[in-house]
Structures are given as structure tokens and as C-alpha cells.
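Report on the structure given below.
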There are 2 protein chains.
Amino acid sequence: MPTTDDNRTEDGATGAGALDARKAAILNAVVTEYIGSAQPVGSQHVVDAPGVSVSSATVRSDMAALERDGYLAQPHTSAGRIPTDKGYRFFVDHLGRPGSLDPVGRQQVRQFFDHAHGEIESMLERTSGLLADLTDCTAMVVGPSHESAAIRSVQLVGLGQRLALLVVVLADGAVQKQSVELPDEVDEIRLADAASRLAAHSLGLPITQVGPLVVPTGDPKTDTVVAIAVDALRSLGSAEAVDQLFVGGSSRMAAAFDAVDTVRSVLGILEQQLVVVTLLRDILDTGLSVAIGTEHGVEPLASCAIVVMPVSVDGVEAGTIGLLGPTRMNYPLALAAARVVGDRLGQRLSEPSR
Amino acid sequence: MPTTDDNRTEDGATGAGALDARKAAILNAVVTEYIGSAQPVGSQHVVDAPGVSVSSATVRSDMAALERDGYLAQPHTSAGRIPTDKGYRFFVDHLGRPGSLDPVGRQQVRQFFDHAHGEIESMLERTSGLLADLTDCTAMVVGPSHESAAIRSVQLVGLGQRLALLVVVLADGAVQKQSVELPDEVDEIRLADAASRLAAHSLGLPITQVGPLVVPTGDPKTDTVVAIAVDALRSLGSAEAVDQLFVGGSSRMAAAFDAVDTVRSVLGILEQQLVVVTLLRDILDTGLSVAIGTEHGVEPLASCAIVVMPVSVDGVEAGTIGLLGPTRMNYPLALAAARVVGDRLGQRLSEPSR
DNA sequence: GGTTGGCACTCCACTCTAGTGAGTGCTGAC
DNA sequence: GTCAGCACTCACTAGAGTGGAGTGCCAACC
């Protein structure tokens, strides 16, 4: 750029994205204070920050440079500086010490997992509440995908004249069901017979890999039932097998913004399970753990940041944790909370005894 | 009250809660316009309303009387009138024609239920979205209670070394599960054996009425498994058997209020499943179908109104629909939508084929 | 007696005008 | 490169003035 006089301190110096030590300190101070106060930060507020032992005039000149380089912005002339998305990005990547939960929070987490009980779904639900409490953000928890879990049990339960329920238990403890309509009244014996044939065909396979069944057994009535049940089973695996999403603390979004419109559109996004799950997956796939502002493509969330953390059980990825807040969210805290809770959750899910 | 000169038009005249025909028309006009505009309504805006063929001066005098009687309020002197909770109440009870969905909405409902598919949970979830779309309110749908549904099937599926899953299928198609920890490794045969003893003990009973099992069969190992499983089964019935709640369109609350605080506290309530379910139940139990302002006891919802509608399947109550909006919500529309959707949902759930 | 037009009054919402203060950019000296 | 000093900018606030929507009251009317 021609406006930048002689880029004496910028990128080229010590490597890509590097910043003068003092400029980094100033940026750090601005971001930190802005996260706390949500007010534009002036040069005077920064002089006492560690690593910045210069006068406010010098700070001002550095801030001007930081603004030229896109790390800071001014809401208007003669106002303090606000971090840009790029500024937050630098903060997250190079500044902001690892961060850890405060003792109170750690205590909360410990207590939560010590007393955690119930089935996985309700635990994930409550986990989202815990995360929201810890971080004051909206928390999203995506449950483990059952795509690769093997079928442990298949059962057909008669419910009425011509209605039966297909109940499938997977190795990871998930239960899926699908009601099936039968062409004729079918007695329990035949139903059990069909179920055992179904089991022989599908037991041990992941639900997505159950193939169509062709070989008939002679009894046409049983064959029909089996055929219908196989179809139902396969439809379970193929269709909208969207991972389950739990959103906690969505009310915190209302506190984060004072523009009601923003709140509305953000909440609107949160209502769309598919969008949220895809979004979290996309962010993870790009290898990020934080997406700031417009870095993810979802336009209504432009003033938000998202922290994601995979949850792994015995080494394999089994879910995702997401934290949604304004771009001026407390990144170190959010990252620490996501990490701690993610780890503990992974441990918990891998314990045989729950 | 001494201020009321001679209560010539009030309650006493034609029965409890009755209002002069013209006053009723005026109240009607004020409520209707305020619902639309959210602005205080002046006397001039009312003179053209049907049933009010008098001058604005007369309207003013009537409005003053309505205010004395608590139906209207003024934000400040020299401002128009706003309905009070009592005013809304009168509107809902005596004014506001039955109301019906517009053709577009009716079409939407028809289409929705024609294409409705999938299991009950996902259908209820999507129903909440439909209701929110129709009414621009936040919709709450409480699924049928499984308290009285008889157990159709009980199964124990081994999951790991010492872990099994208890899977219970109820007559209404609901599936509940509970993982159980076993003291020892137990083979499939013994597990099946235990399950069949469990079935003999509980089949046909509602889950809440399964009693403790005492009679031993001689084989101590199987006995232990059965005992553990019975406990698990009973805990399923007793504990937090909270009806499932689906909330749709919570983002609409953000549009309804311009005070972010209100939005926040209302959303906070919506996050508490138990509170919401209890609230809806309480309102139904008092025989109301609309609760306005402080009529229900939940303080953070003081500026909200709730429309409730039971959903009955084959005559028995099987769920609840709730609509939450600001007190100035469109009551006729909300009531109509809740009724129509409730009816169709009830029908849908009673059809054997889904 | 209820209804009405007229009138004085109220008070919000808006505009305009300083005045204030936090903050900036620039400059010349060290 | 750093810094003190200085002029400048501009949001924010308070106060005054104004317009308008709306009211309450009253005397007159049917």
C-alpha cells in the first residue's frame, strides 16, 4: 500500500503476522480492556499495561500504525480504538495466555461431572447449561454421531392392529426407533421371527451399511414383514441422521448485544439445527478452534465469534462443543472452559460405568 | 371508590364483568389497534371503529371511565390509552371474535400435516416451528405423557463387559432406555433370561406402577441382574419423568420487546423445561386457555401472555400446545392457530398409520 | 341526561444550542 | 524513536424552545 510509509515494523520483519513487541502488547491491552468494558479504548488506558512503558503519545502513534494495518478501528475520529476481527484473530493466535478456569469454575466442573448421571442425551443437555454458566456464552453441544456404531440389537414390537415399532440398539448405547405399518395383522410370533431374520441380516453392522435383503424364506407373509422392516431400518440410517444438538444459555445472547435486531437474527440461526451443526463441523474441518466475525460464512453471525472443541472418546472424535458469543467474548476463558469440559466429557463418555 | 361518581354503566348493570355496549366497542377498538401498532391509542383513532358512532369527546369520557374501572391505562397524562391486563382479559373473554386462520395459514397447516412424517418427537419439534411461523409467537409443545402407557416390551442389551442397556417400549410407541451396571460379566443367555423374568413382572403395566420384585428363582446370579434391572426400570418411572418439551421460534421474543432485559429474562425462563411445563399445566388446571400478564405467577413473564390448548388423542389428553407472546399479542389469531394445529395434531397422533 | 364542540392544558418527542471531556493527530524538541 | 504540548474532533449531555397528539373540563345543545 502506498499509504504505509516504510512498513518498518510490520509483517516482513520477524515472520508472517508478526508484530513489534510493544505493538503486540498494546493490541493485547486494547483487546483485553475492550472485552471487559465494551467501550472504545483510548491511549491513556493502555500506558500502564505490562510491556508498554512509553507515553500516551507514543501509544497513539503505535495505535495509528495498528489501525493502518487493520488490527484496530475507530468508531469515529476522536474516539478510542476497537479491535477488528483481524485484531481479535491476532490476539487469539499469538497473545492471550493459554488461560485457565478460575477455581470456582473448576470446582463447578468437577462437581458437575462427579454428579453426572442419566442417559447421554440428558447429560449433553446439562453440559450445555454448564458451559453457558461458565463462560456466559451460548453453548452448543453436538452429540456423538452414530454413523459407525454397530447394531447390537434389533427388535420389532407390535403396537396395534397393523402397527409395529422397529427398535434398534447400537453399540454406543443409542436407541433409534421407527414405526412401520404392516399390510396385515401380524401376530407376535411372526413378528419375532421377522425380527430375528432382520437381526441376522444386520447385527454387527453400522446402521448406514445395512444392505437390501433379497433372499426369501418361503413364507411370503414373513417375507413381507422383513422387507418392510429392512426398508425402515435403512431409512433410519440414510435419511436425516442429523447429529443431535443441544443448545444451552441462548438467553445470554440477549445480554451480549444491545441491538435487538442482532439478537433476533442470531437466535434465528440457533433455531436451525442443521445450520449450527454444519457450521461447527465446517469450522473444525478448516482446522480452526476459533472463528471470528465473518471467518465462518454465516452472515447473521458476523458480530459473533465461535469457539469449537472436538470431544473425543478413546481417541476417536465423538462430538463437538461450541461456544457462541459476541466477537468481544472472553476468548481465553472460553477456550479454557471448552477444553476442560470437553476433556472431562470425553472421559465421562468413555467410562463403561455411567 | 369515592372517585367513581355513580357507577352508572359498570358491573352491576347487566351482570358481572359486563360493559356498556359502546364502552365495549371502544375497548375493543383500543385493544385491536394497540395490538397492531404498539402505540398508545387516542380518542380520535377510535371514533371510526364499528359500534362507536359518537364524537371524540364522548369517547374521551368513556375512556376515562374505562380507565377508572381498570381496563385502560395511560403511560402519562396527555397520552393515548393502553389496555391493562384486565382490559386484555375482557377482550379475550367477551370481545375478539372467534377468529380463524387466514387462507394462507390454513394452507400451511394442511400442507404441514399432509407431509408430516417421522417419529413423534421430530414431528412435535416441527409443529412448534409451524406454530411460531403462523402466529409470530414463541411456541411450546409438550409431548404426551407416558405415565399411563402400558409397557409393551422390555429388553436387556449387553453393551460391554459389565454394562447393559435396559430398553422399554411403551404402548404409545415411546421408547425409554436406562443403562445398568452389572456386578459381573453376564452372558447374553443370562441377560435374555433376566429380561424375560423382568417382562413377566412388568408387561402390561404402566411404568410408574411397576413394583419391587422379591421372589427369587434360585439362580443367584440371574436374581442379581433382575434386581438391578427392576430398580433401573422403576427409577425410569419414578424420577424426573418430565414430559418432553419442544420450543420453537424463541427468536420471536426478541422482536416482541425492545427492552433487551425483558428478552433476556423471558428467554431465561424458556430454558427451564420444568418451569415451562409446570406453567402450562397450571394454566390448564385453572381452566383458562389464556393467561395474561401476572395471571400466572411467573414474575419474569409479567409482560407476556400465554395461550394454551390441550391436545387430545382419542378423547384423552395427550399433550399441550402453548403460545408465548407479549401481552399485546394477537389473541384471536393465536387462539385460532392453537386450536387448528392442536386438533390436527391430535388427529395425526391418533391415526394408526404414521 | 347524554352528547358535543371548544378550549386550555399537559407532556412527550424532537430540534437546536452550547458546553464538556475523552480522545486524537501533529509538531518540534530532546 | 520518544515525548510533551497543543489544536482539533466529535459523541454525549443538559437545557431551552417548539410542535403536536392527546387529555380533561365546560358550557351549550338536542
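To find a chain, count down the sequence lines: A is the first, B the second, and so on, and within it residues start at 1. Excluded from the calculations below are hydrogen atoms, water molecules and symmetry mates; all remaining heavy atoms, backbone and side chain alike, are included.
Taking the charged nitrogens against the carboxylate oxygens, R89(B) and D93(B) do have a contact shorter than 4.0 Å, which makes a salt bridge.
S55(A) has no side-chain polar atom (N or O) that falls below the 4.0 Å cut-off from OP1 or OP2 of dT2(D).
Side chain of T84(B) to backbone of Y71(B): a donor-acceptor contact under 3.5 angstrom is found. Within the 3.5 Å criterion, the main-chain N or O of L130(B) finds no donor-acceptor partner in the side chain of Q108(B).
Residues T58(A) and S61(A) have side chains that never bring a donor and an acceptor to within less than 3.5 angstrom of each other. Between the side chains of N28(B) and T32(B), a donor-acceptor pair is found at a separation under 3.5 Å.
Summarising the geometry, atom SG belonging to C304(A) is positioned 12.5 Å from atom CG belonging to L323(A); distances are rounded to the nearest 0.5 Å. In this structure, CZ in R328(B) is found 9.5 Å from CD1 in I35(B), a value given to the nearest 0.5 Å.
If you take CD of Q39(A) and P of dA22(C), they are 13 Å apart, rounded to a whole angstrom. Remark: P of dG22(D) and NE2 of H76(B) are 10 Å apart, rounded to the nearest angstrom. Between the CG atom of D62(B) and the C1' atom of dG22(D) there is a distance of 16 Å, given to the nearest Å. The distance from atom CD1 of I82(A) to atom C1' of dA22(C) is 14 Å, rounded to the nearest whole Å.
Of the residues in residues 30-37 of chain B, none has a non-hydrogen atom less than 4.0 angstrom from any atom of DNA chain C.
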Mind running salt bridge (Lys or Arg N to Asp or Glu O under 4.0 Å) on R252(B) and D133(B) for me, showing each step along the way?
CA-CA 9 Å; R252(B) 323 236 168 202; D133(B) 276 352; 2.7 Å; yes
For nucleotides 23-30 of chain C, 5' to 3', base contacts (B), sugar-phosphate-only contacts (S) and non-contacts (-) with protein non-hydrogen atoms under 4.0 Å give BBB-----
